[in-house]
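All remarks here apply to the structure that follows.
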Amino acid sequence: MDTTDSDISNRTEAPTLPVLRCGPVTVDTARRELTIGSEAVPIEKRAFDLLAYLMSSEGRVVEKAELLDEVWAGRPVSESTVAQAVSRARRALGGDGPEAFIATAYGVGYRFVQPVERLGVELASADPAPAKPAGRSNLLWAIALTALVVASLAIWTNRGPGSSAEPIRIAVLPVHNDTGDVDLEWARLGIPSLMDESLADSGVSRVRPGTVLATLRRYPEATEPAEQARLLRLSTGADSVLAPRLSKEGEGLRLDIKPVEARDDVPTLSLYGEDVALMAVAAAQSLSERLSRWQGAQRAQSSLVTDDVFVNEAFARGLDARLRGRHEDAARYFDTVLAAAPDLLEAKYHLSLVVRFLGDYDYTDQLNKELLAAAEASGNVSMLAAVQSVSGILAWRRGDKDAARDWYNQSLENYRAENNADYIASVTANLGILAATSGQYQDAEVRFLEALDHYQESGDRFNEATTLKNLGNLYTDQSRYAEAETVLEESLELRRELELPLQVALTMSVLADIKMVRGYWAEALTFQERVLAAAQEYDNPVLEAQASSDLAAALRRLGRLTEAREMAAQARSIAAELGNPSSEADALLQGGRVERAMHNYGRAAELFESAADLAGSIQEPLSQATSQIALAQTLLDDRRTDEAATVLVEAESVIAGSEISQLAVDLQAAQARLALERGDTSSAIAKIAAAYQEASGQESPITAHDFGGLFGLWLLGYDPSDQRLAVLAEELTDEAQASADALAFLSRFHTYHHNPTLALDHALRRKQLLGEGWRSSDELELQQLQQALSSVN
């Protein structure tokens, strides 16, 4: 069962929910609200629980094991999960430092260090258990009573709606067809799909058929039910995996459904009849009635099958074809169903999904409008939520992120009304991705952490790893590299345990980005080569485009510019073929950087401008502003000063309108370059000095080294006797090997101070780093150093 808001108080002795106050900080555990002064502060659910528990612990050190037991109810989460919750609580509280409220007792746990006042309590009250939903009153169940015989072959204890036991998460394997009739192969995926629709009606916690199928496809060597069940439990958190078998029984058919591993709380069922679709729905209804797993408000019951065996079979065939990826066949089956039963909303919903995959977006929009109207008219809240979520996907695809966000929020509200935890998590995660790509980082983090909390509780380790990886992406975009590495390593560990080489490669790709930021070009290259190999081996073009683009970046930094150009072109070609504008914009950006390194400024400017336009069209401000800053720098290289100034104003506007503050330092450096080109050297040096200092305080060492090198070069040209030069040289010497600009400054600094040996060492390293970007002027400077050293010797 999903942990309720009152879990902490239910595990303590006193049945009370206190209001806790510490100065301006108030934690109302009954209302689950954190306020600072008069302002409500958003805080993720688990971070709130942890904060409340620490504040209630009267200043003592609470060990991590106790927090895991009390806040996470003993669920199998790692200690890093506790650290993440503490970090989120600290950020919500603010304060002068990270430990102003919550101190770390290293190796032990955490302590709330400020005095806490209990203002009063309210009696805890549990929500009344929802009533068991009434059976359907339409013809369906009258048919079921006469057409089917349902036999229970197991003994179990029936736990009613008020039971406090954890809900059983059901997964249904594809049907084993023992009939010998190949025309019944559609039952393989059609029966699990119909069962899933009916189990969803009853609020039973289950793993969706698409997830089951995707999991089995990730492990093609697992062919036996026992091994498939093990992998489903490992990956999705399934408690019971059911294995259906269809066989002949006299003149009719028999459907047996039993757990792969016997459990006394999951019934084994045998059903007899002629209508396979009807048997599937009746089996699910029987399971849900026996399990009595009613979780919150139930959605309006809707007919999944009719009194026409042929229509029922067409619907099941459509579900099977859709899961198999045979979208044209599925569309024909659903059209057949709707011709005979136009009010069967589930058939129309699945048809809308199929035609979307077929690329008929106008028809998809039409179906969605009809579904929205019908769901609202019938009060079918769950169907309404599903269609709103699809509408969000369509709006996002059109590049209308505001509309997508509105649709997702409407969907989320309705799924919450239905207490549908799996879909709440799915939509929340999508909102997180939407916010992240829009530069709304705080909202994205809250969304990802909410989804992560659900996946950890439900045992869905595959989506847990995916969400951790998305958090890693988010922290990387914000230059929070230490936090990024923590969650990415956790994601990597999970994916290795799940034996998922392609997903391991996806995580390694982001870790490689962090290697790039830190200037470990060779390591990043090795990582990305492994990622590209995995993408090609497993035929994943999206990952192949991303890896090719990242390889272009690493190769460029190593001076292998011809290879870098080829990789950027390859990335762009794949992304364009996929119709993935985000990946295409990144490939254009990397291609522009390669051309700039090759001093092809006109071509570089064209690529940067295209990248900025494309990123702007899909509302990705980070990519847009990054491309604009690169464009401005290139225009300055080409002495197109006025154009560069205009572009920088545009970039500044994009940055100001979003949360991508980490680009402020890049913008400042570009503005410094603009001042230099306009002859305002003193202003340029002041700006680049400020950019260097700000970058040095961030977690991006390569950026700091690049800006430090520029600062030193400009200062040398302006006033070679400036005392700041010696300090700067000392700061850059130990870790300058990855920055061509830093190496250029150190070489010229030591030349000026008559140390040709050191000057030559840095120049040679720079030549190695620049590779094909090494110019004739650079070579002339190197030869002069070599001659100076020869004359000294």
Side-chain angles (χ1 to χ4, degrees), residues 135-136 138-141 143-144 147-148 150 170-177 179 183-213 241-247 252-258 267 269-291 299-324 326 329-330 333-334 336-338 340-341 343-351 353-354 380 382-383 386:
R136 305 184 190 202
N138 55 34
L139 181 61
L140 168 62
W141 298 114
I143 298 170
L148 300 175
V150 182
I170 299 291
V172 183
L173 290 172
V175 173
H176 186 78
N177 180 14
T179 64
D183 195 45
L184 283 170
E185 276 302 300
W186 57 266
R188 176 173 170 77
L189 302 178
I191 285 178
S193 296
L194 281 170
M195 289 181 65
D196 179 73
E197 299 267 349
S198 184
L199 289 170
D201 277 346
S202 302
V204 173
S205 178
R206 82 272 182 241
V207 181
R208 286 169 281 176
T211 303
V212 171
L213 194 61
V241 180
L242 305 181
R245 182 179 295 269
L246 188 66
S247 58
L253 296 167
R254 169 174 173 151
L255 178 62
D256 294 305
I257 299 175
K258 64 179 182 179
L269 301 173
S270 289
L271 303 98
Y272 311 87
E274 297 180 357
D275 189 335
V276 176
L278 190 59
M279 285 196 290
V281 174
Q285 182 70 5
S286 180
L287 275 170
S288 61
E289 287 178 350
R290 301 305 181 102
L291 290 170
R299 79 178 190 177
Q301 301 294 297
S302 58
S303 297
L304 292 174
V305 288
T306 71
D307 57 357
D308 186 327
V309 63
F310 298 105
V311 173
N312 296 344
E313 180 178 324
F315 185 34
R317 282 178 178 270
L319 294 172
D320 175 82
R322 182 186 158 231
L323 282 176
R324 294 176 188 268
R326 301 202 311 256
D329 291 342
Y333 286 130
F334 292 134
T336 299
V337 172
L338 290 170
D343 294 330
L344 190 57
L345 293 188
E346 281 79 2
K348 184 173 287 189
Y349 172 71
H350 286 287
L351 177 60
L353 299 181
V354 168
N380 190 334
S382 191
M383 175 61 73

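All heavy atoms count here, side chains included; hydrogens, waters and symmetry mates do not. The first residue of the sequence shown is numbered 1, and numbering continues consecutively from there. Since the structure is predicted, the reported quantities are computational estimates derived from the model, not experimental observations.
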Side chain Asp320, main chain Ala187, donor-acceptor under 3.5 Å: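 No; judged by distance alone, with no hydrogens or angles, the pair does not exist.
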Euclidean distance, [Y] [atom2] relative to [X] [atom1], rounded to 0.5 Å:
{"X": "Leu345", "Y": "Leu351", "atom1": "CG", "atom2": "CG", "result": "12.5 Å"}
{"X": "Ser193", "Y": "Arg317", "atom1": "OG", "atom2": "CZ", "result": "14.0 Å"}
{"X": "Ile170", "Y": "Leu242", "atom1": "CD1", "atom2": "CG", "result": "5.0 Å"}
{"X": "Leu344", "Y": "His350", "atom1": "CG", "atom2": "NE2", "result": "9.0 Å"}
{"X": "Glu185", "Y": "Thr179", "atom1": "CD", "atom2": "OG1", "result": "7.5 Å"}
{"X": "Ile191", "Y": "Leu319", "atom1": "CD1", "atom2": "CG", "result": "11.5 Å"}

How far apart are the closest heavy atoms of [X] and [Y], and which atoms are they?
{"X": "Tyr272", "Y": "Met279", "value": "C-SD, 3.7 Å"}
{"X": "Pro192", "Y": "Pro174", "value": "CG-CA, 4.1 Å"}
{"X": "Gly210", "Y": "Leu323", "value": "CA-CD2, 3.8 Å"}
{"X": "Leu199", "Y": "Ala284", "value": "CD2-O, 3.7 Å"}
{"X": "Glu274", "Y": "Leu253", "value": "O-CD1, 4.2 Å"}

Does a side-chain heavy-atom distance below 4.5 Å link [X] with [Y]?
{"X": "Lys258", "Y": "Arg245", "value": "no"}
{"X": "Asp196", "Y": "Val172", "value": "no"}
{"X": "Leu194", "Y": "Phe315", "value": "yes"}
{"X": "Ile257", "Y": "Met195", "value": "yes"}
{"X": "Arg322", "Y": "Tyr333", "value": "no"}
{"X": "Leu255", "Y": "Val276", "value": "no"}
{"X": "Asn312", "Y": "Val281", "value": "no"}

Any residue meeting salt bridge (charged side-chain N to carboxylate O under 4.0 Å, His left out) with Arg208, in chain and number order, not counting sequence neighbours: none
salt_bridge(Asp256, Arg254) N-O dist < 4.0 Å: yes
